[in-house]
Amino acid sequence: MTDSPRPVRTRYAPSPTGDPHVGNIRSALFSWAYARANGGQFLLRIEDTDRNRLVETSVGAIMESLRWLGIDWDEGPDMGGPHAPYFQSQRLPLYQKAAETLIDRGRAYRCFCTAERLDQMRAAQAAAKRPPGYDGLCRTLSRDESDVRARREPFVIRFAMNREGQTVLHDIIRGDVVFENSLQDDFVMLKSDGYPTYHLALIVDDTGMEISHCIRGDEWISSAPKHIQIYEALGWEPPQWAHLPLILGPDHKKLSKRSGDTAVLDYRENGYLPEAMVNFLAFLGWSLDDHTSILGAAELTKHFDLSRVVPNPAVFDIERLNFLNGHYIREMDDARWEATIADWCRRQLPESVRRPIDPVVVKSVAPLLKERVARLDEIAGMVEFLFGYEAPEHELEALTERVGGDVEVALRTVDGALVALDAVPEEHWTRDDIEAAIRGMEATLGVKLRKFVPVLYVAEMGRPQGIPLFDSLALLGRERTLQRLRTARARLG
RNA sequence: GGCGCAUUCGUCUAGUGGCCUAGGACACCGCCCUCUCAAGGCGGAGAUCAGGGGUUCGAAUCCCCUAUGCGCUACCA
């Protein structure tokens, strides 16, 4: 094992079989952060060798996901680079050549076994309770016979695993992992359609692209001996290995669509901020020290280190993501926050609300909204009452639920507010004067403000809670405020 | 079944033989603040460090066994 210091170069190499999900993107984040923390490069490579599972829109979604999170790459399919192309489907001759080299060296062979034979073989192995694996039938074919059959029969190329001794993986996160070679089998590295499998393509491309660290999910650790042996057979220097712990769903199983894994871009649609996502993902399997839990990308790319990645799997906790999202919302500057509010209102407010969304309303409501929103998709529902003249829909029960269902109290509150607010002239319709008027009701009603005020929330906003009442009424205007009180009054009987 | 990985509060984690009667964060509970709801402040509860054996003056930290969980076991990645 040579220790030639290589410049750090990492990569994210997804297969375009759908939109990237969180588990997958966390690997990208760690690879990227590691490269950046070490002054290295980060590459994007598309592993499109499975033509059956290819999804047309994936490449766009992959790049969009990375961009959203602020993960930038130095070489990739969109920009090219010194090791182009970055689509494996465009690198077929390279894999062919490596496979031929391996055949010439006796470390690979053509296999003519049919799918049916393979199925039968596996069935027999299962029945005999033997471990499954290729039985090596074609490994003993002579080169001449192989050449002849290759002219008219379809075939795959299998790697001839060394079946003696052990293969040991030196993993940065897990230390040494030892595999018995006798348990390995001759896997397919080049498919009958001429495309390579992951195992071959990985080695050819990581070597060709001068990748220094192979950072990937733990689900790959079992196939590490395959990869190590190919490197040996080719005489190439392997990268440093780092197998990241899996991210588990709430059911403690590997995150999947079933267990609630969702595409990264879905989180954007659901109102999450990229900063929150990055912060959240960064701490799934890694930590900076014994007390930091809020960390931005700038700090992450400064301090990230593979030696502080833990080996055990982590459960995805949406509550924590929600907390971080609220935190980053509160940290936003006013301009961005107002733009965000306008954007989500435009997207989610009913069509009856005129576009563009009134910027004056947005600006006034922004500070009131900031500490009350955890997800961006909550915005529209909280401000909808400010748009449109009609009173919000609410049931009679809603009006009285916070006063113990007491219709009498609700009635007196509404009547009291009608009188108190009607006494506030148009030119005095300000937050402070409204507050004074409503506080004055405490004396006339003989009820504490906090006890009767929820009735007014429902009457004006349709809900017993939301942005502060006095500000809301000022924003609503005198006429609409009184009209809604009359509606509530009518509903109370 | 085989092989591999893992195991500290419900969750993410700190911890690399004495600083640990185990620290931080989310969630939870209480109090304060308060026009609702939040946010914020303060405080609380919550882990016999999976279990059992060792090693050691001393173990969450080292070794062994067991249990449990997860991953892999394709011409998918």
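Per chain, numbering begins at 1; letters A, B, ... match sequence-line order. Everything numeric here is computed off the predicted structure, so don't read it as measured data.
- One C1' atom belongs to B/rC57, the other to B/rA50, and the distance between them is 28 Å to the nearest Å.
- The ring pair (Phe, Tyr, Trp, His ring centres under 6.0 Å) check on A/F323 picks up nothing, with sequence neighbours excluded.
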Just the atom pairs and distances: protein N or O near nucleotides 38-41 of chain B's N or O, under 3.5 Å.
residue	atom	partner	partner atom	Å
B/rA38	O2'	A/E371	O	2.5
B/rA39	O4'	A/E371	O	3.2
B/rA39	O3'	A/R330	NH1	3.3
B/rG40	OP1	A/R330	NH1	3.2

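- Using bins of under 30°, 30° to 60° and over 60° for the plane-to-plane angle, the ring pair A/H199/A/H227 lands in the tilted bin.
- For A/Y95, the ring pair (Phe, Tyr, Trp, His ring centres under 6.0 Å) test picks out no residue, with sequence neighbours left out.
- Put simply, CG on A/L183 is 13 Å from P on B/rC5, counting in whole angstrom units.
- Straight-line distance between the C1' atoms of B/rG23 and B/rU68: roughly 27 Å, to the nearest whole Å.
- The CG atom of A/N181 sits 12 Å away from the P atom of B/rG4 (whole-angstrom rounding).
- Base-pair partner of B/rC49: not found among the strands shown (Watson-Crick or G-U wobble, both distances under 3.5 Å).
- Residue order along RNA chain B, read from the 5' end via each residue's closest nucleotide, puts A/R308 first among A/R308 and A/P454.
- Evaluation of the side chain to side chain donor-acceptor pair (under 3.5 Å) rule for A/N181 yields A/T167 as partners, not counting sequence neighbours.
- For A/R45 and A/E47, the salt-bridge test passes: some basic side-chain N is under 4.0 Å from an acidic carboxylate O.
- With hydrogens and angles disregarded, a donor-acceptor distance shorter than 3.5 Å links the side chain of A/T197 to the backbone of A/V188.
- The nucleotide B/rA67 finds its pairing partner in B/rU7, both defining distances of the Watson-Crick or G-U wobble pair being shorter than 3.5 Å.
- Computed from coordinates, the A/K448 NZ to B/rU36 C1' distance equals 16 Å when rounded to whole Å.
- Residues satisfying the ring pair (Phe, Tyr, Trp, His ring centres under 6.0 Å) criterion with A/Y272, sequence neighbours excluded, are A/Y267.
- Taking atom P on both B/rA25 and B/rG41, the two are 10 Å apart, rounded to the nearest angstrom.
- Taking the P atom of each, B/rG53 and B/rA22 are spaced 22 Å apart, rounded to whole Å.
- The nearest whole Å value for the distance from the CZ atom in A/R450 to the C1' atom in B/rC33 is 10 Å.
- Qualifying salt bridge (Lys or Arg N to Asp or Glu O under 4.0 Å) partners for A/R107, counting only residues two or more places apart in sequence or in other chains: none.
- Between the CG atom of A/L324 and the P atom of B/rG24 there is a distance of 18 Å, given to the nearest Å.
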Derivation of the ring pair (Phe, Tyr, Trp, His ring centres under 6.0 Å) call for A/Y134 and A/F187: CA-CA 7 Å; A/Y134 184 61; A/F187 59 92; over 10 Å; no
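- Between A/D422 and A/R478 there is a salt bridge, since a side-chain N of the basic residue sits under 4.0 Å from a carboxylate O of the acidic one.
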Reading 5' to 3' through nucleotides 71-77 of chain B, protein heavy-atom contacts under 4.0 Å coded B for base, S for sugar-phosphate only, - for none: BSS-BBB
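- For the C1' atoms, the distance from B/rG1 to B/rU61 is 35 Å, rounded to whole Å.
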Base-contact (B) and sugar-phosphate-only (S) positions in nucleotides 7-12 of chain B, heavy-atom cut-off under 4.0 Å, - elsewhere: S---SB
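- In this structure, B/rU16 forms no base pair with any nucleotide, since neither Watson-Crick nor G-U wobble geometry is met with both distances under 3.5 Å.
- With C1' as the reference atom, B/rG10 and B/rG46 are 9 Å apart, rounded to whole Å.
- For B/rC63 and B/rU55, the C1' atoms lie 7 Å apart once the distance is rounded to whole Å.
- The partner of B/rC72, taking Watson-Crick or G-U wobble pairs whose two distances both stay under 3.5 Å, is B/rG2.
- For A/R439, the salt bridge (Lys or Arg N to Asp or Glu O under 4.0 Å) partners at least two apart in sequence or on another chain are A/E435.
- With sequence neighbours excluded, no residue satisfies salt bridge (Lys or Arg N to Asp or Glu O under 4.0 Å) with A/D406.
- Figure legend: A/R91 and A/F87 shown without cation-pi pairing, the cationic atom not lying both under 6.0 angstrom from the six-membered ring centre and within 45 degrees of its axis.
- A straight line from CG of A/D290 to P of B/rC20 spans 12 Å, rounded to a whole angstrom.
- A salt bridge does not link A/E397 to A/R491: none of the charged side-chain nitrogens sits closer than 4.0 Å to a carboxylate oxygen.
- Figure legend: cation-pi geometry between A/R149 and A/F112, with NZ or CZ positioned under 6.0 Å from the six-membered ring centre and within 45° of its axis.
- Among the atoms of the strands shown, only primed sugar atoms or phosphate atoms (P, OP1, OP2) are found under 4.0 Å from some heavy atom of A/R402.
- Here A/R463 does not reach the OP1 or OP2 of B/rC37: none of its side-chain N or O atoms lies under 4.0 Å away.
- Across all strands shown, B/rU36 has no partner, as no Watson-Crick or G-U wobble contact with both distances under 3.5 Å is found.
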Table of protein N/O atoms under 3.5 Å from nucleotides 42-48 of chain B N/O atoms:
none

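- With a cut-off of 3.5 Å on both pairing distances, the Watson-Crick or G-U wobble partner of B/rC42 is B/rG30.
- In this structure, A/I172 atom CD1 and B/rC5 atom P are separated by 17 Å, rounded to whole Å.
- Only the P atoms considered, B/rG4 is 48 Å distant from B/rA39, to the nearest whole Å.
- A/D471 comes within 4.0 angstrom of a base, heavy atoms only.
- As judged by a 4.0 angstrom heavy-atom cut-off over every strand, A/D185 is placed among residues making no nucleic acid contact.
- By the side chain to side chain donor-acceptor pair (under 3.5 Å) test, A/R158 is found to be paired with no residue, residues two or more places apart in sequence or in another chain being considered.
- Taking atom CG of residue A/D289 and atom C1' of nucleotide B/rA25, one finds them 11 Å apart after rounding to whole Å.
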